[in-house]
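Note that the numbering runs from 1 along the sequence shown for the chain. Computed from a predicted model, the values in this text were never measured in an experiment.
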Amino acid sequence: QVQLVESGGGLVQAGGSLRLSCAASGRTVSSCAMGWFRQAPGKEREFVAGFSRSLASTYYADSVKGRFGISRDNAKNTVYLQMDSLKPEDTAVYYCAAAWRLTTLGVLRREYEYDAWGQGTQVTVSS
């Protein structure tokens, strides 16, 4: 059974930074395409960032491009989301997701493409 546990969320002022972690068990992150999604109050969950299984491709939502960075540490079996220059509109619950069933080589950006999800971590950015 694959488990994903996010951590690193919290309250930060606008312009600040946070680094979210997603620790995986039951499957190596190197065998998965990984993604980060977020859900703000009253809104649907949306794709934020992700990379393909091979790390050959990364993709960021336009709203976070240039401010967020996704990375992977195989030794720790952990995926990270570095978030800089945070804005109040980045306030949301952030979810980590892993995909291994699909054989596509690209970045997966749709929720149904993912096979496992973490419980989420709250990020609140104050103005």
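- Atom CG of L102 is separated from atom CZ of R53 by 8.0 Å, given to the nearest 0.5 angstrom.
- Each of W36, F37, Y94, Y112 was compared with W117 under the ring-ring contact (aromatic ring centres under 6.0 Å, His included) criterion, and only F37 meets it.
- Counting heavy atoms from C-beta outward, L86 and F68 have side chains that approach closer than 4.5 Å.
- Between the side chains of Y59 and R109, at least one donor N or O sits under 3.5 Å from an acceptor N or O.
- For the pair N77 (side chain) and S30 (backbone), a donor-acceptor distance under 3.5 Å is absent.
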Report all side-chain donor-acceptor pairs from residues 14-22 shorter than 3.5 Å, counting only partners two or more places apart or in another chain.
from: S17; atom 1: OG; to: D84; atom 2: OD1; distance (Å): 2.8

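- At least one donor-acceptor pair under 3.5 Å links the side chain of S52 to the backbone N or O of S57.
- To the nearest 0.5 Å, atoms CG (L4) and CD (Q119) are separated by 9.0 Å.
- The pair K87-D90 does not meet the salt-bridge criterion, since no charged nitrogen lies less than 4.0 angstrom from a carboxylate oxygen.
- Counting only distance, with no hydrogens or angles, the side chain of R67 and the backbone of S85 share a donor-acceptor pair below 3.5 Å.
- The two residues A99 and D115 make their nearest non-hydrogen contact at CA-OD2, 3.3 Å.
- Going from atom CZ of F47 over to atom CD of E111 covers 11.5 Å, rounded to the nearest 0.5 Å.
- Within the model, atoms CG of L81 and CE of M34 stand 11.5 Å from one another, a figure rounded to the nearest 0.5 Å.
- Closest of all the heavy-atom pairs between Y60 and A49 is CD2-CB, 3.4 Å.
- Using modelled atom types, no side-chain atom of E6 and backbone atom of T121 make a donor-acceptor pair closer than 3.5 Å.
- Scanning all heavy atoms of the two residues, the minimum distance from T91 to P41 falls at O-CD, 4.5 Å.
- The distance from the CZ atom of R38 to the CD atom of E46 is 4.5 Å, given to the nearest 0.5 Å.
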